[in-house]
Amino acid sequence: MFYTSTRDKALKITSAEAVTKGISEEGGLFVPCEIPAVSADFIESMKNDTYKERAKKIMALYLTDFTREEISDFVEGAYSGGKFSSDEIAPVVNLHDNVNILELWHGPTCAFKDMALQLLPHLLIGSSKKTLKDKEIVILVATSGDTGKAALEGFCNVDSTKILVFYPNDGVSPMQKRQMCTQEGDNVGVCAINGNFDDAQTGVKSIFTDSEIKKVFEKNNLVFSSANSINWGRLLPQIVYYFSAYCDMLKQGKIKMGDKINIVVPTGNFGNILAANYAMKMGLPVNRLICASNANNVLTDFINTGKYDKNREFYTTISPSMDILISSNLERLIFSLYEGDDEAVRELYKSLKETGRFEVSKEVLEKIDSVYSAGCCDDAATKATIKEIYENYNYLCDTHTAVGIKVCSDYMAKTGDNTPVVIASTASPYKFCASVLSAVSPEEKETDEFKLLTKLEEKTGVSAPAQLKGLKDKAERFNKVCEKDVDSMRKVVFDMLGIK
Ligand SMILES: *Cc1c(COP(=O)(O)O)cnc(C)c1O
């Protein structure tokens with residue numbers, strides 16, 4: 001199995017190279033040259049497997065340059081040792097009738113990004129052994145909250161790596177800030193910047209290509225890598241849980257082998273829903289993929305009209321991990337819809353860069369229409385959904401998941417489609433205590449994050465994850481704030497690496 005770039009089809013590299021490089025030099029994203037097909041028997045044979053066994057089987061289809069032992073080590077390293085609070089890793093729970101929730105937040109940081117970021121370090125080290133020999137890897141991350149903590153936790157004390165996270169000083173929730181600033185590990189660093197997420201992202205990108213840093217890195221046997229969601233190593237582990245959910249539903253007797261399911265995903269960068277699309281292309285019986293957005297509904301409009309247009313107001317919402325106007329992973333879908341026409345992708349993305357918009361052809365829009373539905377909801381509807389789901393089904397969900405649930409019920413009401421459905425639940429409600437508590441108890445006035453957490457527990461009887469509760473008593477290790485210019489950020493990088 002080889003990988004190519006969405007902007008240069010002539011390229012042909014191994015999975016190890018795709019993972020270590022992260023992004024292709026001409027700016028394209030790495031995609032598999034062909035999608036491995038699985039049979040109904042293959043899916044059924046995983047019915048009684050554990051999550052880890054399913055992961056090994058699915059990932060082996062894509063990582064053909066690794067041995068079974070290597071893949072097994074990656075999976076064991078990621079999902080063993082009590083790092084996930086549920087043995088099932090990603091359990092499917094029934095909400096009501098044929099509506100099911102796939103809980104992806106039982107990992108160490110209580111958001112779905114753990115599913116991939118617990119595995120990525122192992123895959124990256126394994127890949128760099130094949131491609132970079134014995135260089136030390138420096139991971140730089142710009143985060144709006146969840147990615148930073150999940151990456152820190154994933155790379156914490158992993159040999160031959162160092163990780164440094166930049167976050168916007170006023171752009172993350174108090175719980176997210178506390179999670180990052182108390183991070184343990186000898187190879188980690190965290191720094192706030194005086195700027196917003198875009199400033200952090202722009203700064204990190206310019207450091208990646210900074211010529212002064214490049215020279216210093218070569219001299220010190222260091223190399224940069226990225227843990228953000230365009231890395232193929234982030235996408236691959238996410239394909240697994242859609243198969244796993246299907247197998248669990250088979251096991252629970254909710255469906256028979258071959259029955260189609262709908263999948264709803266609350267979306268930001270289009271990574272999580274794209275993983276479901278890969279599963280479907282491999283042969284997972286899927287009827288429709290339903291893309292759910294908050295008020296930043298650039299993807300809803302794209303799926304409904306074929307026009308992608310980021311020239312619109314940006315909203316700060318109570319589902320902040322989906323406050324995104326440039327959904328990077330969409331490029332992989334576009335490449336596949338244009339059947340690997342890299343020239344078409346280059347033109348569309350040139351237009352996006354120059355004008356902030358592009359429009360796909362009529363044929364491509366029809367293809368999108370045959371698989372995808374899309375919807376969005378605002379903060380008021382998100383809160384009303386949290387309250388309704390809690391009151392009707394005694395299930396407490398977070399703000400991102402609520403967007404998925406709301407868009408799902410709108411879709412079902414509008415179409416009458418009663419196909420069994422799986423809604424991806426992307427975070428623990430306790431990660432967004434203030435919004436969730438104010439949804440279930442609108443009269444609440446408390447503002448202290450940990451008092452909110454206790455109140456939410458008291459009110460609902462649902463206990464908070466120990467790793468969030470425990471943050472209250474953890475010592476803060478990182479309190480540095482730097483300016484958003486490259487010189488200041490470069491100095492932070494050098495300081496952390498002990499380079500003068
Ligand atoms: C990152 C994130 C999302 C969005 O996932 P994408 O892969 O970017 O679509 C949704 N919910 C939560 C809680 C997240 O952290």
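As the structure lists them, so they are numbered: ligands from 1, and atoms in each ligand from 1.
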Minimum-distance protein heavy atom relative to atom 7 (O) of ligand 1: N272 N, 3.0 Å
Checking side-chain hydrogen bond (donor to acceptor under 3.5 Å, both in side chains) against K149, which of Q176, Q183, Q179 comes through? Q183
Tell me whether the centres of the aromatic rings in W105 and Y241 are closer together than 6.0 Å. no
Tell me whether D398 has any N or O atom under 3.5 angstrom from an N or O of ligand 1. no
Can you report which non-hydrogen protein atom sits closest to atom 8 (O) of ligand 1, along with the distance? N269 N, 2.7 Å
Which of the numbered atoms in ligand 1 are below 4.0 angstrom from a heavy atom of A427? 13 (C)
Taking the six-membered ring for Trp and the full ring for Phe, Tyr or His, determine whether the centres of Y308 and F358 are under 6.0 Å apart. yes
Should G268 be counted as touching ligand 1, given the test is an N or O pair under 3.5 Å? yes
May I ask you to check whether N287 and D417 show a side-chain donor-acceptor distance below 3.5 Å? yes
Any idea which protein heavy atom is nearest atom 11 (N) of ligand 1, and the distance to it? T426 OG1, 2.8 Å
Atoms of ligand 1 close to F112 [distance to a heavy atom under 4.0 angstrom, numbered from 1]: 1 (C), 2 (C), 3 (C), 5 (O), 7 (O), 14 (C)
Numbering the atoms of ligand 1 from 1, which are under 4.0 Å from a heavy atom of G271? 6 (P), 7 (O), 9 (O)
With heavy-atom distances below 4.0 Å as the criterion, list the atoms of ligand 1 near K113. 1 (C), 2 (C), 3 (C), 14 (C), 15 (O)
Answer yes or no: does an N/O atom from H400 fall short of 3.5 Å to an N/O atom of ligand 1? no
I would like to know whether S327 and N269 meet side-chain hydrogen bond (donor to acceptor under 3.5 Å, both in side chains); could you show each step before the answer? CA-CA 4 Å; S327 302; N269 234 343; 5.1 Å; no
Suppose I only count heavy atoms of T267 and a 4.0 Å limit; which atoms of ligand 1 are within that range? 9 (O)
Does the separation of the ring centres of Y393 and H96 fall below 6.0 angstrom? yes
Taking atom NZ as the centre, does K484 end up with more than 12 heavy-atom neighbours from other residues, nucleotides or ligands that are less than 6.0 angstrom away? no
Atoms of ligand 1 under 4.0 Å from any heavy atom of D146, numbered from 1 in the order shown, are 13 (C), 14 (C), 15 (O)
Quick check: Y390 with Y395 (ring centres under 6.0 Å apart)? no
